[in-house]
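First listed ligand is number 1; within each ligand, the first listed atom is number 1.
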Amino acid sequence: MSKPKVFVTRKIPDKGFELVKDFCDVDLWTGDLPPSRDELLQHARGVEGVLCLLTDLFDGDMMDAIGPQLKVISNFAVGCDNIDVLAATARGISVGNTPDVLTDVTADFAFALMMSAGRRIPEADCYARSGAWKTWQPMALLGLEMKGATLGLLGFGRVGKAMARRAAGFDMRVIYYDPLETKSPSDARATRVEFETLLEESDFLSLHTPLTDETRHVIAADALSKMKPNAVLVNTSRGPVVDLEALYRALEEKRIFAAGLDVTEPEPLPLNHPLFALDNIIVTPHIASSSKAARDKMAWIAAKNLIAGLKGERLPNCFNPRL
Ligand code: GLV
């Protein structure tokens with residue numbers, strides 16, 4: 001019996017890829033950069049399944065152009081804002097994602113960014129390397145303390161809750177606002193507040209919300225103007241949640257203390273972007289989930305989702321609300 005044809009848009013860790021190869025007739029995109037829209041379509045036309053990355057965009061037109069035999073789009077990511085999930089559901093196409101296995105590693109990274117920005121670690125490293133370090137100084141590179149500080153979480157899903165667990169170990173107070181929360185939370189470690197209160201009271205504000213129409217640029221000039229002058233903003237969710245022009249102004253005018261961004265709009269952030277000229281920002285290249293263990297598990301789940309979809313079964317991690 002012939003194997004189902006699939007397009008895999010980038011090399012993924014071996015364990016998952018081997019599983020895909022055992023079950024499918026694979027066309028693998030071997031480029032380091034994502035396929036263009038035309039290239040994506042050229043390779044995906046006629047396939048029954050696609051295993052893709054968050055850099056590959058799938059709208060309804062793309063799904064139609066691939067053809068009615070398309071059964072499953074398996075995303076190697078938790079966030080699925082690169083896929084029009086409503087359009088997929090309307091066409092009976094399953095969409096898979098890879099939650100849980102990257103929750104802790106992502107929270108670790110967000111916490112690391114928060115502490116690095118608060119304690120100015122990259123700036124201190126440059127200081128030491130540049131020869132500016134002449135002696136121990138009582139007031140050099142003064143930073144912020146975690147103990148007793150308020151951690152604000154925008155989004156209280158898996159990663160938000162993992163942040164609250166970490167914050168307990170640092171004796172922090174934790175508050176959160178979750179635009180998607182439908183029922184009352186049962187988490188003693190964090191107090192639900194209104195969005196305004198979150199902005200006004202957070203010493204560290206960490207973003208853990210999916211990108212939706214409601215959350216796009218939710219952190220813009222107005223929100224930033226309500227934050228404390230000593231606040232640190234951290235984003236490990238999706239770049240467009242923060243308006244970078246407004247953030248640049250707030251950081252440049254020292255209206256907030258610092259920021260740590262693992263995600264930006266656009267990605268990559270161009271080298272001539274004004275944010276790169278500031279000392280009070282850390283930018284990392286969308287690597288919060290980047291541990292070997294997490295990426296191996298993501299590959300395995302993405303492969304399992306793909307294969308289940310090809311068999312017409314419910315995906316182990318199905319992102320469509322109604323499939
Ligand atoms: C990474 O950003 C993911 O959504 O998995």
Within the 4.0 Å heavy-atom shell around [X], which atoms of ligand 1 are there?
X: Val78; answer: 3 (C), 4 (O), 5 (O)
X: His286; answer: 1 (C), 2 (O)
X: Leu102; answer: 5 (O)
X: Ala77; answer: 3 (C), 4 (O), 5 (O)

TODO: Could you tell me whether a side-chain N or O of Asn305 sits under 3.5 Å from a main-chain N or O of Gly309, the two making a donor and an acceptor?
DONE: no

Open item on the list: In terms of relative ring orientation, are Trp29 and His43 parallel, tilted or perpendicular, with 30° and 60° separating the classes?
Closed with: perpendicular

TODO: Classify the contact between Leu54 and ligand 1 as side chain, backbone, both or neither, using a heavy-atom distance cut-off of under 4.0 Å.
DONE: side chain

Open item on the list: Please tell me whether Thr89 and Asn320 have a donor and an acceptor in their side chains that are separated by less than 3.5 angstrom.
Closed with: yes

Task: CZ/Arg10: more than 12 non-hydrogen atoms of other groups inside 6.0 Å - done: yes

Task: Separation of Leu244 CG from Leu251 CG (nearest 0.5 Å) - done: 10.0 Å

Open item on the list: Can you confirm, on distance only, whether ligand 1 has an N/O atom lying under 3.5 Å from any N/O atom belonging to Ser237?
Closed with: no

